[in-house]
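What follows is a short report on a single structure.
We use all heavy atoms of the structure for the numbers below, so side chains are in, but hydrogens, waters and symmetry mates are not. Numbered from 1 within each chain, the chains take letters A, B, ... in sequence-line order. Just so it is clear, the model here is predicted, and its values are computed rather than measured.
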Number of protein chains: 2
Amino acid sequence: MVNISWISISYRVTGIKYYMVPDLDQFSVTDCHYYLLSRATLVITSALKKGFTDAGVEKVKPGYLGVLVSLWQKDGLKTVELARMAGLEPSSMTGLLDRMERDGLIYRSSDPHDRRAQHIVLTDFGKEIKKPVLEVLDKTLKSVFQDIEESEINIIKKVLNKVLNNAKRGSN
Amino acid sequence: MVNISWISISYRVTGIKYYMVPDLDQFSVTDCHYYLLSRATLVITSALKKGFTDAGVEKVKPGYLGVLVSLWQKDGLKTVELARMAGLEPSSMTGLLDRMERDGLIYRSSDPHDRRAQHIVLTDFGKEIKKPVLEVLDKTLKSVFQDIEESEINIIKKVLNKVLNNAKRGSN
DNA sequence: ACAATATAATACTTATACGTAATATATGTA
DNA sequence: TACATATATTACGTATAAGTATTATATTGT
């Protein structure tokens, strides 16, 4: 794409001093882990969004996927449970559920035993769209990851899991 | 983390029919490419943000990095040029530059030869923070990608570049 | 020269996710 | 029982990025 990079010289220059600020002029974005990760996430999100629209389920946004799949497995989960399952903060989950409620996919139902808690329940519409949504998901990911070997996919998964663990440890 | 996954069964089940909707109950998030990519991006972003704050350059947000590094290489680029270099839409770049201007990192300067264009220029402050910002970047990425082999990093880069190309072709 | 088209930047709306704080309710302990 | 603490959810502000439409200029073709 272009000629700049704002990342991770350390992996490409051996013997560099830890805090040495490297000369940037010789790097390209396609060498930058952070750039590549964020762009890949964005293009997949964008492809999913287009896929849902083309399939006539434009009410479904990519961000809803985690919640939908969780609820298709077990309806009536609580907000915190959904947040934990999707890897989001509870406060993020609230806004997500607001949008999903607005779009007619779920509703909130009070817990008679714990008046703090709300159970998140799929509407009929939320149940009906399961098949087309999963089809779009499968098709989109097949398209985006086409011509990539299974062994490489496995390395990606392994490395990204390690990244998540490194970050988790770093934040403690 | 948890027991759900909303992704990409296709790579793990051989011989699956293209549009077959798979049974979800047996998958885990840590097997999901889309999940892993988006989480990894978010944890790195979060680590960078914390790094900037700890280093006393809390005016710098992770999203500013692409623009800053571009301008440190060549000051006075135009909005569209910066957008293209960072891989963003020009409309996204406008908002980003608004925040950077508000935070005292850049200012806009009209082009006398093309009255449509604005040149984006670093303030003194925007120039001064180069060293600490690059230090935080280097340190953070070293930390997040620690214990990951160079060969694996290279595979990640290769695969993600292919993903970006696949998505680009798919959108035409 | 003028009309059609292209380019640069922006405004506005929406989606996504974090962090902090507030509120209500439960639970555990002295 | 009363108080401290923990839990569930939400409210509000901010960062990030896309998409659509608009405005102002430039450029090109006739």
Side-chain angles (χ1 to χ4, degrees), chain A residues 34-35 37-50 52-53 58-67 77-84 86-103 105 108-120 167 171, chain B residues 34-35 37-50 52-53 58-67 77-84 86-103 105 108-120 167 171:
Chain A
Y34 182 42
Y35 174 86
L37 287 171
S38 50
R39 293 317 302 168
T41 303
L42 286 170
V43 298
I44 298 173
T45 301
S46 167
L48 284 170
K49 195 174 165 193
K50 184 172 182 310
F52 292 137
T53 302
E58 60 284 320
K59 288 287 184 191
V60 178
K61 308 290 184 285
Y64 300 174
L65 279 173
V67 172
L77 290 164
K78 290 187 290 179
T79 303
V80 215
E81 293 170 335
L82 286 167
R84 195 166 18 84
L88 298 182
E89 294 299 312
S91 63
S92 303
M93 187 50 72
T94 295
L96 185 54
L97 294 174
D98 287 347
R99 296 196 298 277
M100 292 182 71
E101 195 166 26
R102 178 202 64 193
D103 291 339
L105 298 167
R108 288 161 157 106
S109 163
S110 304
D111 183 332
H113 303 300
D114 183 345
R115 291 197 298 175
R116 295 169 305 180
Q118 301 264 39
H119 292 281
I120 309 302
S171 67
Chain B
Y34 182 43
Y35 174 86
L37 287 171
S38 49
R39 291 319 300 170
T41 302
L42 287 169
V43 300
I44 297 173
T45 301
S46 167
L48 284 170
K49 195 175 167 193
K50 185 173 181 309
F52 292 136
T53 302
E58 59 284 321
K59 288 287 185 192
V60 179
K61 308 291 183 284
Y64 299 174
L65 279 173
V67 172
L77 291 164
K78 290 187 290 181
T79 303
V80 216
E81 293 170 334
L82 287 167
R84 194 163 21 83
L88 298 182
E89 293 299 312
S91 63
S92 303
M93 187 50 72
T94 295
L96 184 55
L97 293 174
D98 286 346
R99 296 195 298 279
M100 292 182 72
E101 194 165 28
R102 177 202 64 192
D103 292 338
L105 298 167
R108 289 162 156 105
S109 164
S110 305
D111 183 333
H113 303 298
D114 184 344
R115 291 197 298 174
R116 297 169 304 179
Q118 300 267 38
H119 292 281
I120 310 301
S171 68

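A distance-only check finds no donor-acceptor pair linking the side chain of B:S46 to the backbone of B:L42 [under 3.5 Å].
When all heavy atoms are compared, the tightest approach of A:T94 to A:R108 is O-NH2, 3.4 Å. Considering all non-hydrogen atoms of both residues, A:I120 and A:K78 come closest at CG1-C, 4.4 Å. Heavy-atom minimum distance, A:Y34 versus B:T45: OH-OG1, 2.6 Å. Across every non-hydrogen atom of A:R102 and A:Y64, the tightest pair is NH2-OH, 3.8 Å. For the residue pair A:D111 and A:H119, the shortest heavy atom distance occurs at OD2-NE2, 3.0 Å.
Atom pair A:K59:NZ and C:dT14:P shows a separation of 12 Å (rounding to whole Å applied). At whole-Å resolution of the value, CG in B:L97 and C1' in C:dA11 are 15 Å apart. Spacing between atom CG of B:L82 and atom P of C:dA9 amounts to 9 Å, rounded to whole angstrom units. A:E81 has its CD atom 14 Å from the P atom of D:dT7, to the nearest Å. At whole-Å resolution of the value, CD1 in A:I44 and P in D:dA18 are 14 Å apart. In this structure, A:D98 places its CG atom 19 Å from P of D:dA8, rounding to the nearest Å. D:dA26 atom C1' lies 16 Å from atom CD of B:Q118, rounded to whole Å. Regarding A:R84, its CZ atom lies at a distance of 11 Å from the P atom of D:dT9, rounded to whole Å.
If you check every strand for non-hydrogen atoms under 4.0 Å, A:D111 touches nothing. As judged by a 4.0 angstrom heavy-atom cut-off over every strand, B:T79 is placed among residues touching the sugar-phosphate backbone only. If you check every strand for non-hydrogen atoms under 4.0 Å, B:D114 touches sugar and phosphate atoms only.
A close approach under 4.0 Å does not occur between any side-chain nitrogen or oxygen of A:R108 and OP1 or OP2 of D:dT9.
For C:dT7, its base sits under 3.5 Å from the side chain of B:R116 at one donor and acceptor pair at least.
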What nitrogen or oxygen pairs link the protein and nucleotides 15-18 of chain C at under 3.5 Å?
from   : atom 1 : to     : atom 2 : distance (Å)
C:dA15 : OP1    : A:R102 : NH2    : 3.1
C:dA15 : OP2    : A:R102 : NH1    : 2.9
C:dA15 : OP2    : A:R102 : NH2    : 3.2
C:dT16 : OP1    : A:P62  : N      : 3.4
C:dT16 : OP1    : A:G63  : N      : 2.8
C:dT16 : OP2    : A:R99  : NE     : 3.3
C:dT16 : OP2    : A:R99  : NH2    : 3.2
C:dC18 : OP1    : B:R39  : NH2    : 3.0
C:dC18 : OP2    : A:E89  : N      : 3.1
C:dC18 : OP2    : A:S92  : OG     : 2.5

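Of the candidate nucleotides D:dA8, D:dT10, C:dA9, D:dA8 has the atom nearest to the side chain of A:V80.
Annotation: side chain of B:L88 is in contact with side chain of A:R39 (closest heavy-atom distance under 4.5 Å).
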